[in-house]
Amino acid sequence: MKLITAIIRPDKLSDVQIALAQHQVVGMTISECSGHARQPGHNEVYRGAEFTIDFVLKVKIEILARDAAVDQLIAVIVESAHSGQVGDGLIWVTEIGQAVRIRTGECNAEAV
Amino acid sequence: MTIIELSAGDTAWVLTAASLVFLMTPGLAMFYGGMTRAFSALNMMMMSFAAMGVVAVLWILYGFGLSFGPDVGGLFGDPRGFLGLSALFEQPEALYGDNIPVFAFVAFQAAFAIITVALVSGALADRMKFGAWLVFTGLWATLVYFPAAHMVFSFDGYVSGKGGWIANDITIGAVTGAIDFAGGTAIHINAGAAGLVAALILGRRIGFGSRPMRPHNMTLVMLGAGLLWFGWFGFNAGSALAADGTASYVWVNTLGATGAAMIGWMLTEKLRDGRFTSLGAASGAVAGLVAITPSCVAVSPVGAIAIGLAAGVVCAMAVTWKFKLGYDDSLDVVGVHLVGGLVGTLLIGLFSVDDGLLYGHGPARLAVQAVGAFSLMAYSAVVTAVIVLSIKQVMGLRLSSADELAGIDLAEHAEAAYDLSNVRYASYPGLSHTVVVPAREDFSPSATTTTDLGGQS
């Protein structure tokens with residue numbers, strides 16, 4: 001069982017959500033976040049004072065997946081979140097030691 | 001020597017009413033601003049604020065003259081005698097009618113001109129270059145609103161001997177002149193028709209119809225609707241241009257119609273969608289205000305309730321047309337202002353106490369109202385189309401799609417409407433801590449398999 005974490009463009013969330021649903025992904029967690037890698041931030045101006053905001057608004061998607069499904073889900077996210085411009089984001093995968101569904105008490109693969 | 005008959009009470013009321021009407025435009029900015037998504041709230045509010053600036057200046061320079069100067073063909077006023085209001089300034093005590101200074105009338109009508117231009121912006125949310133909007137406000141006020149105000153609001157024998165044709169000249173049977181007490185035709189039908197045409201030329205927002213665009217701040221919408229209602233008492237009761245019985249019953253009619261329209265809209269939503277919504281209540285109130293604007297002087301308080309109820313129900317249905325027909329009238333200028341204005345203007349033909357169908361008179365009043373309403377609608381649509389197409393040709397109308405997706409507030413104003421974060425992650429330019437690394441080589445996802453996860457074992 002693995003945790004797939006994807007940082008994507010906010011305006012791609014809808015496309016990614018639809019693509020994942022078409023591949024039987026029944027749940028995900030999303031959060032709004034800010035960060036930077038290669039994509040430059042933007043400037044704002046208030047009464048002549050110019051501010052630089054280096055951190056770019058992104059959406060973080062987290063999905064718990066069975067090992068066998070991971071490669072396919074990564075391909076789905078890459079395909080649906082891709083624009084080709086700097087700032088498309090990153091995906092990484094981490095090993096999960098344990099997961100429990102609170103309502104039923106099911107563990108690990110049964111829980112996701 | 002002329003005896004000055006100025007009424008201090010009337011003048012005090014008209015100047016107060018002018019200030020109330022002026023407050024409607026910031027109210028409209030909140031009403032519209034709350035309905036947009038968070039990343040375009042500032043632009044939406046700025047469209048209204050910009051109208052306050054541009055139209056205020058134009059009104060003084062030549063707008064008042066173009067609206068109320070000596071009649072040219074019933075269509076517009078000759079502004080030459082009123083440029084910069086200099087001639088009026090020589091005699092600030094000069095009277096409009098027999099009770100208030102002309103300057104009080106200038107002030108009251110200025111606030112009308114401002115809000116009419118601002119109303120159009122609701123159809124153009126999230127996607128129009130701000131420079132193009134500034135040019136639009138000036139051109140549209142000059143070529144559409146000022147002539148429309150002349151046609152509808154300039155009465156024979158007040159500022160000039162001859163006034164506009166819709167107010168004075170339409171004659172069918174025993175009925176002469178369309179009734180538009182405070183601006184159902186000149187303001188709401190006019191702004192609604194312009195919004196429809198401009199939205200069609202500007203095109204739909206990216207994602208319109210396929211992705212819901214959720215209002216970002218409903219409490220701001222409710223506050224804006226409340227300010228509009230408050231200011232609207234000045235709009236309608238102030239149009240009596242006197243502190244008298246007419247102003248008083250018009251105030252009450254404005255109250256009754258608005259309440260009834262709110263109820264009508266909420267009931268329509270309950271039956272159709274299953275819930276009473278706050279956006280429905282706020283929109284219903286505005287639809288009722290729009291419909292009672294032309295009719296408030298001509299109907300009884302019970303007639304006002306009937307007109308309001310009709311406007312609430314009809315407008316609640318009209319705001320769904322844009323999804324069926326596919327035009328992006330973003331904040332329902334057509335559904336509320338064009339449709340509500342038509343409902344109020346035409347229903348005078350039924351509910352007018354003096355000459356309406358329901359009071360045993362013939363259809364002449366209804367016919368006169370229809371001629372006025374549809375003529376002005378056509379005028380507004382045609383001239384708006386010419387203006388917007390010209391701006392599109394010369395300087396372009398639309399934001400780039402990248403800017404539209406990232407949000408118009410940042411792209412056009414370099415500001416954010418809200419910063420609710422305590423992290424404070426801004427820095428001054430030059431002190432940036434970001435290492436900018438050039439992008440790597442091109443990559444296309446369809447040509448690649450992503451199975452190699454490197455560090456995984």
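Contacts between Ala416(B) and chain A at a heavy-atom distance below 4.5 Å involve backbone atoms as well as side-chain atoms. For chain B, no part of Ser83(A) is nearby; none of its heavy atoms comes within less than 4.5 Å.
Heavy-atom contacts from other residues, nucleotides or ligands closer than 6.0 Å to CZ of Arg204(B) number 12 or fewer. Atom CD1 of Ile102(A) has 12 or fewer neighbouring heavy atoms from other residues, nucleotides or ligands inside a 6.0 Å radius.
In this structure, Tyr46(A) OH and His413(B) NE2 are separated by 11.5 Å, a value rounded to the nearest 0.5 Å. The CD atom of Glu44(A) sits 8.0 Å away from the CG atom of Asp419(B) when rounded to the nearest 0.5 Å.
Of the charged side-chain nitrogens involved, at least one lies within less than 4.0 Å of a carboxylate oxygen, so that Arg211(B) and Asp15(A) count as a salt-bridged pair.
Taking both residues in full, the closest heavy atoms of Asn43(A) and Ala414(B) are given as O-CB, 4.0 Å, listed atom of the first, atom of the second, then distance.
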